[in-house]
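Working notes, beginning with the structure itself.
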2 protein chains.
Amino acid sequence: MTSTIKAIPDIVIGRLPLYLRALAYMIEENREFVSSQELGDRLGISSVQIRKDLSYFGEFGKQGTGYEIQFLRQQLRQILHADKVWEIALVGAGDLGHALIRYEEFCEKGFCIAVVFDRDPQKIGRKMGGFEVFDAESIPTIVKERGIKVAIIAVPASEAQAVSDILVKAGVRAILNYAPITLSVPPKVQVQYINPIIQLQHMAYYLD
Amino acid sequence: MTSTIKAIPDIVIGRLPLYLRALAYMIEENREFVSSQELGDRLGISSVQIRKDLSYFGEFGKQGTGYEIQFLRQQLRQILHADKVWEIALVGAGDLGHALIRYEEFCEKGFCIAVVFDRDPQKIGRKMGGFEVFDAESIPTIVKERGIKVAIIAVPASEAQAVSDILVKAGVRAILNYAPITLSVPPKVQVQYINPIIQLQHMAYYLD
DNA sequence: TAGATTGTTAATCGATTAACAATC
DNA sequence: TAGATTGTTAATCGATTAACAATC
């Protein structure tokens, strides 16, 4: 009999960063312990769901007292690979790309923009927020050379799929896509979408 | 016997804007008809799911030929209230707020920033991308006066809940929140979150 | 000990999909 | 008509939650 691999649902993985974030705030508040109940209240998630989610990875709590915040945070950081620095390739140096470069939170959280690409000759070679803008043609060589695994796409919708294909071919395994289009990627590649308009339209349904 | 209200699942509502977006691209491509199969392929959604989703609202297709794109788009626009212009209150005129002001796509899609607020005396009264920055103190009066129902929060996490409370009290019913915190709002109020770091952490789990 | 809270099983709830009649 | 595709029912799949023993 082969060992049973119980894959962890992606929806569970998606909640872990929320737990991590809440724990970070609690550390700032000099809290030492937290119950699943309190953590859940803070996040609008049931306590049982939090316990179930965490139980996929181990037993981190103590009956009667809850979770030691520092310890749980450390565990979650390891699980999410949030305890290391990931280099990011940013493709697209327009208004949006520029704003993303200035957004310091990325690097503070371990996702540091390392190279910026654009295909506009007006931008190539110029500096933007401390970064030289490289020709998009050089994505394959630079991304491979530096072993970059994470990219942010901030180009127009019409170019996003082509950029995605190039990034994937160069070894990128996770893409944060700001372009308003669904990307087609191989299963081994993760994609997440940033789509304020889609979210506004979602909410507008409930308005009258 | 009372009439049975079959509420439409929120997860279904959340997919409608994706359908709408794909249809808009197809119109640009001068397409006239589309099958649920093709629409699904484009979005990475099964054709059966698309048909099921649409069937909550009516029968929009024709056996053998699929959906008339212009017609379906019009229907979805109505359903999502995307056929009107929504005025937006933007709270927070920092780097992020500034970038959001410059982002024209919002207004093109019917979500037009109408007022900008900040509490920094350095910013109040100054112009930013064509908008005067108003004192956050005046949120209640201005939002009520103009009947604004949709807001974007772009303030630091520490202030976001307070801002949210004020907006809700002033009549806002939908909030797009860029602050990294879960907001507590009454059930009648919709909230959507923009959280690139949470999404990057989610993907990083799958990297090694 | 008594009270609090975890970790987990089983039940429930909800969403997706397979199958297919209807029909353009 | 034959082929294509819709709309819908029933089955399946997966996620959440209720209940509770274990234990700090």
Side-chain angles (χ1 to χ4, degrees), chain A residues 4-19 22-23 26 31-76 79 182 187 202 205, chain B residues 4-19 22-23 26 31-76 79 182 187 202 205:
Chain A
T4 310
I5 302 157
K6 66 166 176 205
I8 295 159
D10 183 66
I11 200 163
V12 171
I13 306 301
R15 281 190 292 261
L16 300 186
L18 300 174
Y19 303 162
L23 293 171
M26 287 174 176
R31 301 283 313 284
E32 229 186 309
F33 291 92
V34 69
S35 67
S36 57
Q37 179 68 55
E38 193 196 344
L39 192 55
D41 288 348
R42 193 132 167 176
L43 292 167
I45 291 175
S46 77
S47 64
V48 93
Q49 180 152 87
I50 289 177
R51 295 200 300 280
K52 184 111 209 286
D53 286 354
L54 296 178
S55 76
Y56 282 101
F57 302 94
E59 307 195 355
F60 303 123
K62 205 181 265 185
Q63 285 97 328
T65 45
Y67 301 87
E68 210 276 286
I69 296 176
Q70 295 273 10
F71 172 73
L72 181 56
R73 171 165 181 263
Q74 212 33 59
Q75 295 296 310
L76 288 176
I79 291 164
T182 300
H202 182 164
Y205 170 82
Chain B
T4 310
I5 301 157
K6 66 165 178 209
I8 295 159
D10 182 67
I11 199 161
V12 170
I13 306 301
R15 281 190 292 261
L16 300 186
L18 300 175
Y19 303 162
L23 294 170
M26 286 172 176
R31 301 282 313 284
E32 229 186 308
F33 291 93
V34 68
S35 66
S36 57
Q37 179 68 54
E38 194 196 344
L39 191 57
D41 288 348
R42 193 130 167 177
L43 292 167
I45 291 175
S46 78
S47 63
V48 93
Q49 180 153 87
I50 290 177
R51 294 199 301 279
K52 185 111 208 288
D53 286 355
L54 296 177
S55 77
Y56 281 102
F57 302 94
E59 306 194 356
F60 304 124
K62 204 180 267 185
Q63 286 97 328
T65 45
Y67 301 86
E68 210 276 287
I69 297 176
Q70 294 274 9
F71 173 74
L72 181 56
R73 172 166 180 263
Q74 212 33 58
Q75 295 296 311
L76 288 176
I79 291 164
T182 300
H202 182 164
Y205 169 82

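Every heavy atom of this structure was used, including side-chain atoms; hydrogens, water molecules and symmetry mates were not. So that the names make sense, note that chain A is the first sequence line, chain B the second, and so on, each numbered from 1. Only a predicted model underlies this, so the values are computations on that prediction, with no experimental measurement involved.
- Here D:dA22 sits opposite C:dT5 as a Watson-Crick or G-U wobble pair (both hydrogen-bonding atom distances under 3.5 Å).
- When all heavy atoms of A:S36 and A:R51 are compared, the closest pair comes out as OG-NH1, 3.0 Å.
- In this structure, B:Q37 and A:D53 both approach DNA chain D, and ranking their closest nucleotides by distance from the 5' end singles out B:Q37.
- One atom, CD of B:E68, and another, C1' of C:dC24, lie 15 Å apart when rounded to the nearest Å.
- Counting all heavy atoms, side chain and backbone alike, B:L39 lies closest to B:A22 at CD1-CB, 3.7 Å.
- As rounded to whole Å, 12 Å separates atom P of D:dT5 from atom CD of B:Q63.
- Atom-to-atom, CD1 of B:I8 to C1' of C:dG14 comes out at 16 Å; the value is rounded to the nearest Å.
- With both pairing distances under 3.5 Å, D:dA11 is matched to C:dT16 as a Watson-Crick or G-U wobble pair.
- Taking side-chain N and O atoms only, B:S46 has a distance below 4.0 Å to OP1 or OP2 of C:dT17.
- In terms of heavy atoms, B:F33 sits closest to B:T65 at CB-O, 4.0 Å.
- Between C:dG7 and A:Y67, a contact under 4.0 Å exists linking OP1 or OP2 to a side-chain N or O.
- Distances shorter than 4.0 Å separate none of the side-chain N or O atoms of A:Y56 from OP1 or OP2 on D:dA15.
- Taking side-chain N and O atoms only, B:Q49 has a distance below 4.0 Å to OP1 or OP2 of C:dT16.
- Note: CZ (A:F60) to C1' (C:dT8) measures 15 Å, nearest angstrom.
- Spacing between atom CD of A:E38 and atom P of C:dA4 amounts to 15 Å, rounded to whole angstrom units.
- Dashed line: the shortest gap from a side-chain N or O of B:R15 to OP1 or OP2 of C:dT16 is under 4.0 Å.
- The phosphate of D:dT6 (OP1 or OP2) has a side-chain N or O of B:R51 nearer than 4.0 angstrom.
- Of the residues near DNA chain C, A:G64 and A:K52, the one whose nearest nucleotide (by heavy atom distance) lies more toward the 5' end is A:G64.
- Distance, A:I45 CD1 to D:dT17 P: 10 Å, rounded to whole Å.
- Side-chain N/O atoms of B:Q49 and B:D53 include no donor and acceptor closer than 3.5 Å.
- Look at CZ on A:F33: it is 14 Å from C1' on C:dA4, rounded to the nearest Å.
- Among the heavy atoms of the strands, none lies under 4.0 Å from A:S47.
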